[in-house]
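Both counts, for ligands and for their atoms, begin at 1 and track the order of listing. Along the sequence shown, residues carry numbers from 1.
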Amino acid sequence: MFEGKLEKLKDGFKQLPGIGEKTAERLAFYLISQDKQKGLDLAELIRDSIDSIQKCEHCNMLSEKSPCHFCADDERDNATLCVVEKSQDVYLIDETGVYNGRYFVLGNLISPLDGIGPKHINFPKLKEMIEKENIKEIILALNPSSAGETTMAFITSKLQNSARKITRLATGLPVGGDIEYTSSKTLASALTHRNEL
Ligand SMILES: [Zn+2]
């Protein structure tokens, strides 16, 4: 059995998404068994990444710079705004190559059972961005899960009188599915055939 610092290291890995007991043990043991410098370099890289990454002041995307490179890019279509849950979703959508507008990261989806309400999704900032920057179409690129549906219903109801087009991702996304595990092709199709709300 692991003990002391090795046990703590294993517990640290276990907190990461997708890492179970066995994998955590393997990673912890690998780090202390191999060339020490490799492990120390990795520790330094983790510290440096955490220290240097912040939220973009415009879109909330995690980025080394603020504004992030998506907000700073003046080649993008400023009239369309794609609303996503997480920073990773921005990359997934951009990789499809079918979207060239702006982004906004909510940071959460509304889920009353988990204590996540409307105040946790940066809605006032989203509303301000839509109004100030004269956005014409808002694409809600959220998971078709119950939290995603609740969030889309909330945003749509709040923006109903704004006379802007609001769309959501179309077919191809399984109900209860997750954008993160959807192929780039399926996501591109869902974006292209988005439905108006
Ligand atoms: Zn940004």
Side-chain angles (χ1 to χ4, degrees), residues 16-17 45-111 116-145 147-160 162-170 173 178-184 186-192 194 196-197:
L16 300 175
L45 185 63
I46 292 171
R47 178 183 294 278
D48 188 40
S49 302
I50 292 171
D51 281 348
S52 61
I53 288 176
Q54 53 188 316
K55 277 186 184 171
C56 167
E57 63 196 293
H58 297 290
C59 71
N60 292 326
M61 158 114 176
L62 293 171
S63 166
E64 269 182 59
K65 290 185 195 145
S66 181
C68 69
H69 75 274
F70 292 102
C71 289
D73 180 0
D74 51 19
E75 302 276 285
R76 300 189 78 93
D77 168 16
N78 280 325
T80 314
L81 182 68
C82 183
V83 177
V84 298
E85 177 192 353
K86 310 182 289 278
S87 294
Q88 300 98 291
D89 300 340
V90 171
Y91 289 105
L92 294 172
I93 287 171
D94 226 62
E95 276 164 19
T96 65
V98 299
Y99 180 73
N100 189 40
R102 304 279 307 275
Y103 290 100
F104 186 87
V105 179
L106 295 174
N108 276 304
L109 292 178
I110 299 172
S111 178
I116 305 171
K119 64 173 191 235
H120 298 107
I121 64 163
N122 286 307
F123 182 74
K125 199 170 164 189
L126 170 65
K127 198 167 174 238
E128 191 190 320
M129 186 176 186
I130 291 167
E131 283 164 5
K132 255 195 188 165
E133 306 193 15
N134 201 19
I135 304 286
K136 302 236 170 7
E137 181 182 350
I138 300 139
I139 303 170
L140 300 177
L142 305 178
N143 288 332
S145 58
E149 295 295 342
T150 307
T151 308
M152 285 190 267
F154 173 79
I155 295 176
T156 310
S157 72
K158 292 283 177 190
L159 297 177
Q160 212 147 46
S162 70
R164 288 174 174 91
K165 190 173 171 188
I166 306 173
T167 54
R168 61 176 289 169
L169 298 183
L173 290 182
D178 193 320
I179 289 175
E180 196 174 338
Y181 302 108
T182 304
S183 77
S184 191
T186 309
L187 193 53
S189 157
L191 263 169
T192 307
R194 58 188 180 270
E196 189 156 357
L197 286 165

* With a cut-off of 2.8 Å, does any N, O or S atom of H58 fall short of it relative to the Zn ion (ligand 1)? -> no
* Heavy-atom side-chain contact between L81 and E137 under 4.5 Å -> no
In a table with atom names and distances, give each donor-acceptor pair under 3.5 Å that connects a side chain of residues 46-56 to protein atoms at least two apart or in another chain.
residue : atom : partner : partner atom : Å
S49     : OG   : L45     : O            : 2.8
S52     : OG   : D48     : O            : 2.8
Q54     : NE2  : E64     : O            : 3.2

* **Pairwise side chain to side chain donor-acceptor pair (under 3.5 Å) hits with a residue in residues 99-109, at least two apart** => N78-R102, D94-Y103, R102-E133
* **Residue H69, metal the Zn ion (ligand 1), N/O/S under 2.8 Å** => no
* Asked: If you stand at the Zn ion (ligand 1) and look out to SG of C71 and SG of C56, what angle do those two lines make, to 10°?
  -> 110°
* Asked: Does the side chain of T150 come within less than 4.5 Å of L109's, by heavy atoms?
  -> no
